[in-house]
Trainee: 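Here it is, the structure, as structure tokens.
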Amino acid sequence: MIKAITGTKDTLPSEINKWYLLENLVKKIFSCYNYKEIRTPVFEETALFCRGIGTSTDIVSKEMYTFIDRRETSLTLKPEMTASVVRSFIENAMDKKQSLNKLFYISPMFRQERPQAGRFRQFHQFGAEALGSNDPLLDAEMIIMAYNIISNIGLKNLEVKINSLGVPESREKYKTELRKFLAGKEAGLSEDSKKRIDTNILRIFDSKDENDQKIMADAPLLINHLDDESIAHFEKVKKVLDSLKIPYTVDPKLVRGLDYYTNTTFEIISGSVGSQSALCGGGRYNLLVEQLGGGAIPGIGFAAGIERILLACENENVLNLPEEKIDVYVVRLDKELDAEAYLLAESLRKENLQVEVDYLLRSVKAQMREANRLNAKYALFFGGEEYSSGEAVLKNMSEGTEEKINIKDSLSIISKIQR
RNA sequence: GUGGGCGUAGCUCAGUUGGUUAGAGCGUCUGGUUGUGGCCCAGAAGGCCGUGGGUUCAAGUCCCAUCGCUCACCCCA
């Protein structure tokens, strides 16, 4: 038996309505903030992600689905959206058409990681990118939009964490200081963290190793080494969040993994999923557009994991949708009248009713069981004696009441059904 | 890439110290008088017990390998 690829899964009809609901909420909220949807190809030239995300990151160094096409070009299934959006932004000269571009997306992403709770190899994100302004109000807007969507859906066990990484100059100065602090303490660090001293020293703060945590408890914090402008920027973001009573905490140890972040970074964490608890993450990237060959244009964005949000919903027992119902089940009383029964169903469907008929030539009893299983509001008995007088029997399934109606007069049927 | 747990009907799971034709509940299908659902009752279909090898008179049960699922580490949404 051929099975779905490891780390991928089918979204079955029984769960699709939750996706619709979340996607519609996403579109509605983004539209309130005047963000416009953008769709980009699922694959791009590999070089885009190497330059955009950073070759030293785990995503680029070991998690990408990369392949060579017939023209010997290296292509990669997109592991995240920001690089693609920025590429499109530059390629389509969006900054020349309007000075601020506010974009959103809902799209599959691909990363070759080991699957676990809330992590898949093909997963889906929605997110937003605002390109063209360094206004801290936009930083706040990103956090607010993400928080609104996630809390609107009914999730409770949430934590908003924010931090500022400042600008590269102050960050480099700080890293040197952190290295000085760690000098002589390497022996006590975990193997992973020893490596991080060279690769990504900030990430040592994130370590789950107890000894690492102890050592880092006294380490100098980046947030205390920011330049004045970054501090002012961060203060303004916090002020807006305070005014709107967004329940956030400043987490000086929140270090996002991708190379392109500057200034504000944030995450929304759920306590209701497994170890992969970040439902959403984002931040400002004022250098990325230029790095990808565009102008010196500031940007900020976030991405949220749909599967993780739905998992949290399941674990918190929210997002319980009502049972699906259909309007009418046409019960065929005579086998010979199957085509006529179908045509009757068709005329009702033209009036936008949800209608089902039997395609299996089953007994009336079996058809009624089916009607019940489908939660039909009405059963319409077609055939028999009534057929010769141009009538059919309409049964209200919840009341159990029946009445004769004229078949030709489909509008009268509909008025009965739609009341 | 590393480590733990688990693979028995469509689903959730039982299967006793290895011992006859592998079970239950739910679901599906058919019936319970001629053309009527839900509840109830009766019956039926549906399993190379993940795959391959080994031990044994005998393996769903023990051993090895392999594949898959799952959770965690790394990292990320």
Side-chain angles (χ1 to χ4, degrees), chain A residues 1-9 12 14 53 56-64 78-82 105-127 146 150 190-193 195-196 199-200 203 206-209 255-258 266-270 273-282 301-312 329 331-335 337 360 362-387 392-402:
Chain A
M1 180 170 63
I2 297 178
K3 297 204 262 190
I5 304 297
T6 298
T8 69
K9 74 184 176 60
L12 299 173
S14 58
I53 303 170
S56 70
T57 61
D58 279 31
I59 291 181
V60 172
S61 62
K62 57 186 197 193
E63 294 170 3
M64 296 206 300
K78 59 185 172 192
E80 59 112 56
M81 195 66 176
T82 303
Y105 58 84
I106 302 174
S107 172
M109 306 293 163
F110 305 85
R111 290 182 205 171
Q112 193 162 180
E113 298 177 273
R114 202 64 160 249
Q116 69 187 73
R119 167 190 285 165
F120 303 91
R121 288 185 172 177
Q122 174 175 341
F123 59 103
H124 299 78
Q125 293 183 328
F126 64 83
I150 292 171
S190 65
E191 287 306 309
D192 284 323
S193 288
K195 283 181 208 150
R196 285 189 274 234
T199 57
N200 196 344
R203 292 220 66 90
D206 255 1
S207 175
K208 289 174 186 172
D209 185 280
V255 179
R256 313 231 66 250
L258 310 181
F266 68 96
E267 269 185 11
I268 299 179
I269 308 290
S270 168
V273 293
S275 172
Q276 305 306 318
S277 55
L279 301 186
C280 154
F302 79 90
I306 293 181
E307 284 87 350
R308 284 187 190 176
I309 290 173
L310 293 179
L311 177 62
Y329 190 96
V331 177
R332 175 196 25 69
L333 297 176
D334 305 306
K335 284 194 167 59
L337 292 175
L360 300 170
R362 290 196 277 195
S363 67
V364 172
K365 186 195 193 84
Q367 291 180 74
M368 282 303 283
R369 279 184 171 154
E370 182 73 0
N372 191 63
R373 207 173 57 79
L374 295 172
N375 288 316
K377 294 175 198 157
Y378 290 88
L380 185 56
F381 295 91
F382 179 84
E385 294 169 18
E386 292 86 352
Y387 178 69
V393 176
L394 183 66
K395 176 169 187 170
N396 181 317
M397 292 292 281
S398 54
E399 311 280 325
T401 53
E402 294 183 2

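Just so it is clear: chains get the letters A, B, ... in the order the sequence lines come, proteins before strands, and each one is counted from 1. Since the structure is predicted, the reported quantities are computational estimates derived from the model, not experimental observations.
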Trainee: If I pick the C1' atom on B:U51 and the same atom on B:C6, what distance separates them, to the nearest angstrom?
Mentor: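 These two C1' atoms come out 16 Å apart once rounded.
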Trainee: Taking CG from A:Leu311 and P from B:U70, how many angstroms apart are they, rounded to a whole number?
Mentor: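 Value for this atom pair: 12 Å.
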Trainee: Could a donor-acceptor pair under 3.5 angstrom be found where the side chain of A:Gln116 meets the base of B:U70?
Mentor: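 When only heavy-atom distances are counted, A:Gln116 does not reach the base of B:U70 through any donor-acceptor pair under 3.5 Å.
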Trainee: Expressed in whole Å, how much space separates the P atoms belonging to B:G46 and B:A24?
Mentor: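 Roughly 15 Å separates the two P atoms.
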Trainee: Scan A:Gly400 against the nucleic acid and name what it touches under 4.0 Å (heavy atoms): base, sugar-phosphate only, or nothing.
Mentor: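 Base, at least one base atom sits under 4.0 Å.
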Trainee: Please state the C1' separation for the pair B:U55 and B:G43 - nearest whole angstrom.
Mentor: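 B:U55 and B:G43 have their C1' atoms separated by 43 Å.
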Trainee: Kindly indicate whether a cation-pi arrangement holds for A:Lys9 with A:Phe120, taking the cut-offs as under 6.0 Å to the six-membered ring centre and within 45° of the axis.
Mentor: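 So A:Lys9 does make the cation-pi contact.
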Trainee: Given atom CZ of A:Phe120 and atom P of B:U70, what is their separation to the nearest angstrom?
Mentor: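 Distance check: A:Phe120 CZ to B:U70 P gives 8 Å.
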Trainee: Donor-acceptor check, side chain of A:Asp334 to backbone of A:Gly383, threshold 3.5 angstrom: yes or no?
Mentor: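 No, the answer is negative, given that no donor and acceptor are paired below the 3.5 Å cut-off.
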Trainee: When rounded to the nearest Å, what value does the distance between P atoms of B:C40 and B:A77 take?
Mentor: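 Rounded to whole Å, the distance is 50 Å.
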Trainee: Between B:A77 atom C1' and A:Glu63 atom CD, what is the distance in whole Å?
Mentor: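 About 12 Å, once rounded to whole Å.
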Trainee: Could you check which of B:G37, B:C75, B:C73 has an atom nearest any side-chain atom of A:Lys395?
Mentor: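 Selected nucleotide (nearest to the side chain): B:G37.
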Trainee: Is there a donor-acceptor contact under 3.5 Å from the side chain of A:Ser363 to the main chain of A:Ala366?
Mentor: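 Indeed, once roles are kept as given, a pair shorter than 3.5 Å links the two residues.
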Trainee: Could you tell me whether the side chain of A:Glu80 reaches within less than 4.5 Å of the side chain of A:Ile53, counting heavy atoms only?
Mentor: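 Yes. Closest side-chain heavy atoms under 4.5 Å.
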Trainee: Mapping A:Thr401 and A:Cys280 onto RNA chain B by nearest heavy atom, which one lands closer to the 5' end?
Mentor: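 Closer to the 5' end of RNA chain B: A:Thr401.
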Trainee: Would you say B:C69 has OP1 or OP2 under 4.0 Å from some side-chain N or O of A:Thr6?
Mentor: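 Checking B:C69 against A:Thr6, a side-chain N or O does come within under 4.0 Å of OP1 or OP2.
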Trainee: Check every strand shown and say whether A:Arg203 touches a base, only sugar-phosphate, or nothing at a heavy-atom separation below 4.0 Å.
Mentor: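 Sugar-phosphate, no base atom in range.
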Trainee: If you restrict it to nitrogen or oxygen atoms, what contacts under 3.5 Å exist between nucleotides 25-33 of chain B and the protein, and what is each distance?
Mentor:
residue, atom, partner, partner atom, Å
B:C29, OP1, A:Arg362, NH1, 3.1
B:G31, OP2, A:Ser363, OG, 3.4
B:G31, O6, A:Arg369, NH2, 3.1
B:G32, N7, A:Lys365, NZ, 3.2
B:G32, O6, A:Arg369, NH2, 3.1

Trainee: In the structure I gave you, are the side-chain heavy atoms of A:Lys377 and A:Met397 within less than 4.5 Å of one another anywhere?
Mentor: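 Contact flag for A:Lys377/A:Met397 side chains = no.
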Trainee: Measure the distance from CD on A:Glu385 to C1' on B:G35 and round it to the nearest whole Å.
Mentor: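 In whole Å, B:G35 C1' and A:Glu385 CD are 9 Å from each other.
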Trainee: Applying salt bridge (charged side-chain N to carboxylate O under 4.0 Å, His left out), name anything that partners A:Arg121, two or more places apart in sequence or on another chain.
Mentor: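 None.
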Trainee: If we ignore hydrogens and angles and just use 3.5 Å, is the side chain of A:Gln367 paired with the main-chain N or O of A:Arg332 as donor and acceptor?
Mentor: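 Pair found, side chain donor or acceptor close to backbone of A:Arg332.
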Trainee: Under 4.0 Å, counting only non-hydrogen atoms across every strand here, what does A:Leu333 touch: a base, just sugar-phosphate, or nothing?
Mentor: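 If one applies the 4.0 Å heavy-atom cut-off, A:Leu333 turns out to touch a base.
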Trainee: Could you say whether A:Ala117 or A:Asn372 is positioned toward the 5' end of RNA chain B, judged by the nucleotide with the nearest heavy atom to each?
Mentor: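 The answer here is A:Asn372.
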Trainee: Atom CZ of A:Arg114 to atom P of B:C75: distance rounded to whole Å?
Mentor: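 Nearest whole value for this atom pair: 16 Å.
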Trainee: Check every strand shown and say whether A:Phe382 touches a base, only sugar-phosphate, or nothing at a heavy-atom separation below 4.0 Å.
Mentor: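 No contact at all - A:Phe382 keeps every heavy atom at 4.0 Å or more from the nucleic acid.
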Trainee: Measuring centre to centre across the rings, with the benzene-like ring taken for any Trp, is A:Phe126 within less than 6.0 Å of A:Tyr105?
Mentor: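 Judged by ring-centre distance (under 6.0 Å), A:Phe126 and A:Tyr105 do not meet the cut-off.
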Trainee: Would you kindly check whether a donor in the side chain of A:Gln276 faces an acceptor in the base of B:C75, or vice versa, at under 3.5 angstrom?
Mentor: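 Between B:C75 and A:Gln276, which were checked side chain against base, a qualifying N/O pair under 3.5 Å is present.
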Trainee: Begin from the C-alpha positions of A:Tyr387 and A:Phe382 and carry the test ring pair (Phe, Tyr, Trp, His ring centres under 6.0 Å) through to its verdict.
Mentor: CA-CA 7 Å; A:Tyr387 178 69; A:Phe382 179 84; 5.3 Å; yes
Trainee: For B:G7 and B:G60, measure between their P atoms and round to the nearest Å.
Mentor: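 Rounded to whole Å, the distance is 15 Å.
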Trainee: Does A:Arg203 use its side chain to pair, donor to acceptor, with the backbone of A:Val255 at less than 3.5 Å?
Mentor: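 Pair found, side chain donor or acceptor close to backbone of A:Val255.
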Trainee: Tell me: CD of A:Glu267 to P of B:A77, nearest whole Å?
Mentor: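 Distance check: A:Glu267 CD to B:A77 P gives 8 Å.
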Trainee: Within a reach of under 6.0 Å around CD1 of A:Ile5, are more than 12 heavy atoms found that belong to other residues, nucleotides or ligands?
Mentor: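 No - once you tally the heavy atoms of other residues, nucleotides and ligands closer than 6.0 Å, there are 12 at most.
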Trainee: When the ring planes of A:Phe302 and A:Phe266 are compared, do they come out parallel, tilted or perpendicular, using 30° and 60° as the limits?
Mentor: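 Tilted.
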Trainee: Using atom C1' in both nucleotides, what's the gap between B:A59 and B:U16 to the nearest angstrom?
Mentor: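 Between the two C1' atoms, the distance is 15 Å.
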Trainee: Quick one: does A:Arg119 reach the base of B:C75 with a side-chain donor-acceptor pair under 3.5 Å?
Mentor: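 Checked by distance alone, the answer is yes.
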Trainee: Using the six-membered ring for Trp and the full ring for Phe, Tyr or His, decide whether A:Phe123 stacks on the six-membered base ring of B:A77 (centres under 5.5 Å, planes under 30°).
Mentor: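 It does: the two rings, one from A:Phe123 and one from B:A77, meet the stacking criterion.
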Trainee: Distance criterion of 3.5 Å, no angle test: do you see the side chain of A:Glu402 paired donor-to-acceptor with the base of B:G35?
Mentor: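 Result: no qualifying N/O pair found.
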Trainee: Give me the distance, rounded to whole Å, that separates B:G1 from B:U28 when you measure between the P atoms they each carry.
Mentor: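 Per the computed distance, 42 Å lies between those P atoms.
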Trainee: How far, in whole Å, is B:U20 from B:C13 if one measures between their P atoms?
Mentor: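 26 Å, rounded to whole Å.
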Trainee: When we call it a touch if two heavy atoms are under 4.0 Å apart, what does A:Glu80 touch: a base, just sugar-phosphate, or nothing?
Mentor: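 No contact.
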Trainee: My validator wants the stems of RNA chain B: runs of 3 or more consecutive Watson-Crick or G-U pairs, both distances under 3.5 Å, written as range with range.
Mentor: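 Counting only runs of 3 or more consecutive pairs, the stems involving RNA chain B are B:1-7 with B:67-73, B:10-13 with B:23-26, B:28-32 with B:40-44, B:50-54 with B:62-66.
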Trainee: Closest approach to the side chain of A:Arg196, judged atom by atom: which nucleotide of B:G68, B:A77, B:C74 is it?
Mentor: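 Within the option list, the nearest is B:C74.
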Trainee: Does A:Gly274 reach a base, just sugar-phosphate, or nothing at all? Heavy atoms under 4.0 Å.
Mentor: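 A:Gly274: backbone/sugar contact only, no base atoms under 4.0 Å.
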Trainee: Does A:Gln112 reach a base, just sugar-phosphate, or nothing at all? Heavy atoms under 4.0 Å.
Mentor: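 Contact class for A:Gln112: none.
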Trainee: To the nearest angstrom, how far is A:Arg121 atom CZ from B:C69 atom P?
Mentor: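 Those two atoms, CZ and P, are 9 Å apart.
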Trainee: What is the separation between atom CD on A:Gln367 and atom P on B:G35, rounded to the nearest whole Å?
Mentor: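 These atoms are roughly 11 Å apart.
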